[in-house]
Number of protein chains: 2
Amino acid sequence: MRIADKNYQSIWVHEEDPSIIQVIDQRYLPFQLKIKNLQTPEDVVHAISDMIVRGAPLIGVTAAFGVYLAVLKFRNLENANQLIQEAANIIKASRPTAVNLSFAVNKQLEVINKIEKPDEKLNISFKTAVQLMQDEILACKKIGNFGKSILEQIALKKNGEAVNILTHCNAGWLATVDYGTATSPIYMAHNQRIPVHVWVDETRPRNQGARLTSWELGKHGVPHTIIVDNAGGHLMQTGKVDIVIVGSDRTALNGDTANKIGTYLKALAARDNNIPFYIALPVSTIDRSLEKGLKHIPIEERSVEEIHYMEGLNSQNKLERIRITPENSKALNYGFDVTPARLITGLITNHGICKATSNDIKQLLQAQ
Amino acid sequence: MRIADKNYQSIWVHEEDPSIIQVIDQRYLPFQLKIKNLQTPEDVVHAISDMIVRGAPLIGVTAAFGVYLAVLKFRNLENANQLIQEAANIIKASRPTAVNLSFAVNKQLEVINKIEKPDEKLNISFKTAVQLMQDEILACKKIGNFGKSILEQIALKKNGEAVNILTHCNAGWLATVDYGTATSPIYMAHNQRIPVHVWVDETRPRNQGARLTSWELGKHGVPHTIIVDNAGGHLMQTGKVDIVIVGSDRTALNGDTANKIGTYLKALAARDNNIPFYIALPVSTIDRSLEKGLKHIPIEERSVEEIHYMEGLNSQNKLERIRITPENSKALNYGFDVTPARLITGLITNHGICKATSNDIKQLLQAQ
């Protein structure tokens with residue numbers, strides 16, 4: 001996608017040096033556009049756990065490059081296989097909720113473990129990571145095309161008025177490699193001059209909506225309005241939302257979906273107001289080992305600093321962190337919640353749109 | 001209630017000079033405890049619209065003192081009645097959602113308009129305001145005692161474990177004159193050694209939960225944990241919430257309740273998880289002119305600055321405001337939403353507990 005006059009992905013291989021993986025350091029957006037070099041598996045673990053990169057699909061691709069960087073580092077050592085396996089395990093543990101993380105790492109290990117020679121190992125792990133990256137881009141494009149048809153249908157009833165889409169967190173191109181999942185249908189529709197307007201949930205505590213989604217929509221010229229997470233229910237009650245589209249960190253085979261904390265509340269409000277509620281995701285985000293999501297997907301507990309402190313630009317235009325709670329109050333910070341399938345109208349995937357039921361999801365996966 | 005070793009109300013008459021009304025300036029909490037003098041009706045309008053004072057019951061009492069200050073200012077002028085009426089109208093318009101505001105102002109006008117002599121007018125308007133203040137304190141005490149019985153019932157089933165109460169915004173003593181509405185049952189239970197723990201919704205965009213509720217609970221020694229507004233649904237899904245108690249800015253005769261934006265989302269989650277959801281309010285917050293609330297209570301749209309900026313303590317321990325959104329993104333800021341009566345388990349009032357139905361509410365009001 002475009003930032004000013006230049007095309008970007010959220011992750012790419014350095015143009016001149018393939019031992020360097022480059023990512024946009026998302027901790028500084030929307031205030032500063034910084035590029036970060038990842039050169040070791042430790043860099044990758046830090047990038048994932050510290051949310052330099054975030055979003056299930058992007059985490060998966062970054063993790064795949066992490067295994068590649070582990071091969072690069074350890075391949076000529078005597079116990080290379082063991083060290084690579086250990087690095088892979090640490091990468092897998094860097095965020096507990098995203099299924100793409102273990103999917104990507106396992107894929108790498110499967111391929112690498114078949115190869116003996118160090119340089120062939122390196123070669124194949126690089127190719128695998130690049131392939132996963134390309135696959136993600138293609139998957140997001142397809143999600144966009146399938147999802148666009150839903151927006152087109154709504155637009156037909158709106159007599160030229162904008163289709164109002166509410167989204168939570170950032171399931172945009174910054175969360176993937178390009179296009180995004182939840183945002184991909186929006187970008188596709190916008191590019192084809194279907195009028196759209198996006199309600200952007202701020203998404204406390206890390207404000208991925210206010211900081212990232214609004215920024216990327218703005219850079220692409222898509223009309224949008226930032227709201228606090230509390231506002232979506234009222235907007236739905238008063239007819240200001242036509243459809244909700246969010247991403248997924250992990251979807252079970254029955255359709256239960258773990259996504260950013262607060263997603264469940266929006267799903268409840270959508271149901272209460274007869275508004276369609278869609279999850280947009282590549283099929284790689286469906287956890288084939290999990291029949292049900294509710295009470296079975298581990299929910300990450302993150303640092304309470306995210307609640308106690310807020311970051312932004314001060315009056316001197318410098319990034320500053322301020323304390324926003326009383327000194328002695330405790331906090332608790334869950335990163336995700338699980339939206340039960342019964343509240344989900346459908347899944348928009350790279351293999352088409354399906355209902356959030358075990359039958360439909362299994363059919364979709366078999367049709368691959 | 002207590003702050004360190006001193007008893008406070010949120011509003012009081014200056015000990016030595018009854019022409020000065022004093023309030024805690026809530027804009028600086030929890031970081032600084034500042035007292036503000038209100039000496040003119042203009043001071044009162046500013047205090048209400050700028051949220052130096054907030055919370056429906058406290059707004060009502062402050063407005064009553066505002067009319068008293070108008071009488072103080074205009075009583076000896078030729079067109080005193082007209083000027084007082086105009087000041088009263090401006091005070092009434094200072095916040096559109098809180099019903100206590102017009103209730104208190106109308107009560108004052110009713111009393112004043114019967115009196116001719118300027119000094120008698122002054123005397124009676126002072127007495128009326130003080131009486132309203134005392135009435136609010138008593139009402140909150142009664143709400144606390146009625147509500148405490150519900151917490152006692154839950155405690156019986158918890159084998160000594162704390163009763164987990166979730167609350168949204170600040171319906172604490174800072175929102176009333178003393179005790180609070182939603183917090184009053186909590187303080188009463190805590191004082192009687194019933195173990196309680198409060199989940200405090202941060203309450204974006206003005207963070208009344210993170211800033212005020214946590215502060216006042218902390219000062220009183222009540223165990224509590226701050227969460228982001230997004231987290232309540234997950235906590236309810238995982239059995240960590242026993243009851244939700246919130247306040248009300250305006251409740252219609254059928255039980256529909258306007259309260260801080262986001263309340264509706266918590267009511268939906270409570271219903272989805274079979275958790276009791278109560279509104280705590282003095283009967284003065286029931287709008288007797290309103291049969292239904294949904295789509296009939298005007299919803300205040302507030303400044304988008306509240307969304308774009310956040311205030312807190314910087315690393316030098318100074319209050320600082322930072323920008324937390326991209327420069328070019330729009331925002332929209334509704335202050336309230338309406339929770340339909342069907343999602344409300346009951347109302348905890350100063351006249352007892354009743355169901356959120358037209359019949360029960362009318363009976364409660366008739367029994368006064």
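Per chain, numbering begins at 1; letters A, B, ... match sequence-line order.
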Quiz prompt | Separation between CH2 of A:W199 and CG of B:L332, rounded to the nearest 0.5 Å | solution = 5.0 Å

Practice problem: Measure the spacing between OG1 of B:T325 and CZ of A:R211 and express it to the nearest 0.5 Å. | Solution: 10.5 Å

Quiz item: Is it the side chain or the backbone of B:N328 that comes within 4.5 Å of chain A heavy atoms, both, or neither?
Solution: neither

Self-check item: Residue B:L235 versus chain A: region with a heavy atom under 4.5 Å
Solution: side chain

Quiz item: Is it the side chain or the backbone of A:K240 that comes within 4.5 Å of chain B heavy atoms, both, or neither?
Solution: side chain

Quiz item: Roughly how far apart are B:H224 NE2 and A:K330 NZ, rounded to 0.5 Å?
Solution: 9.0 Å

Quiz prompt | Polar side chain donor-acceptor pair, B:D272 to A:Y264, under 3.5 angstrom | solution = yes

Quiz prompt | Residue A:N207 versus chain B: region with a heavy atom under 4.5 Å | solution = side chain

Quiz item: Shortest non-hydrogen contact from A:G312 to B:I324?
Solution: CA-CG2, 4.4 Å

Quiz prompt | Nearest heavy atoms of A:K266 and B:L265, plus distance in Å | solution = CE-CD1, 3.7 Å

Practice problem: For chain B, find which of A:T263, A:V338, A:I322, A:I299 contributes the most heavy-atom pairs closer than 4.5 angstrom. | Solution: A:I322

Practice problem: Report the option among B:E306, B:K295, B:H168, B:R271 that has the most heavy-atom pairs separated by less than 4.5 Å from atoms of chain A. | Solution: B:H168

Self-check item: Audit row: A:R321, B:S315, side-chain contact (heavy atoms from CB on, under 4.5 Å) steps and yes/no
Solution: CA-CA 7 Å; A:R321 208 173 82 130; B:S315 51; over 6 Å; no

Self-check item: Residue part contacting chain B, namely of A:L29, when any heavy atom lies under 4.5 Å
Solution: neither

Self-check item: Which atoms of A:Y309 approach chain B - backbone, side chain, both or neither, heavy atom under 4.5 Å
Solution: neither

Quiz prompt | Atom group of A:L217 that falls short of 4.5 Å from chain B, counting heavy atoms | solution = neither

Practice problem: Select one option (side chain, backbone, both, neither) describing which atoms of B:R206 are under 4.5 Å from chain A's heavy atoms. | Solution: neither

Quiz prompt | A:A231 versus B:I261, closest heavy-atom pair with distance | solution = CA-CG1, 3.7 Å

Quiz item: Checking side-chain contact (heavy atoms from CB on, under 4.5 Å) for the pair B:I227/A:Y334: CA distance, chi angles, key distance, verdict?
Solution: CA-CA 9 Å; B:I227 51 173; A:Y334 289 109; over 6 Å; no

Exercise. Go through the atoms of A:K260 and report whether side chain, backbone, both or neither lie under 4.5 Å from a heavy atom of chain B.
Key: neither

Self-check item: Straight-line distance of A:F336 CZ to B:H234 NE2, nearest 0.5 Å
Solution: 11.0 Å

Quiz item: Where does A:R204 contact chain B at under 4.5 Å (heavy atoms): side chain, backbone, both or neither?
Solution: both

Quiz item: Of the backbone (N, CA, C, O) and the side chain (C-beta and beyond), which part of A:L294 lies under 4.5 Å from a heavy atom of chain B, both, or neither?
Solution: side chain

Quiz item: Which one, B:G218, B:P223, B:G209, B:A269, leads in non-hydrogen pairs under 4.5 Å with chain A?
Solution: B:A269

Quiz item: Do you know which two heavy atoms are closest between A:A331 and B:T225, and how far apart they sit?
Solution: C-CG2, 3.4 Å

Quiz item: Relative to chain B, which segment of A:P30 carries a heavy atom at a distance below 4.5 Å: side chain, backbone, both, or neither?
Solution: side chain

Quiz prompt | Leading residue by heavy atom contact count with chain B [cutoff under 4.5 Å; candidates A:E327, A:E202, A:K318, A:Q237] | solution = A:Q237

Quiz item: Measuring from A:R323:CZ to B:N317:CG, what's the distance to the nearest 0.5 Å?
Solution: 10.5 Å

Quiz item: Which atom names give the shortest non-hydrogen contact between B:N230 and A:D337, and what distance separates them?
Solution: O-OD2, 4.2 Å

Quiz item: For the residue pair A:V228 and B:P205, what are the closest heavy atoms and their distance?
Solution: CG1-CB, 3.7 Å

Quiz item: Which bit of A:D229 is near chain B, if near means a heavy-atom gap under 4.5 Å: side chain, backbone, both or neither?
Solution: both

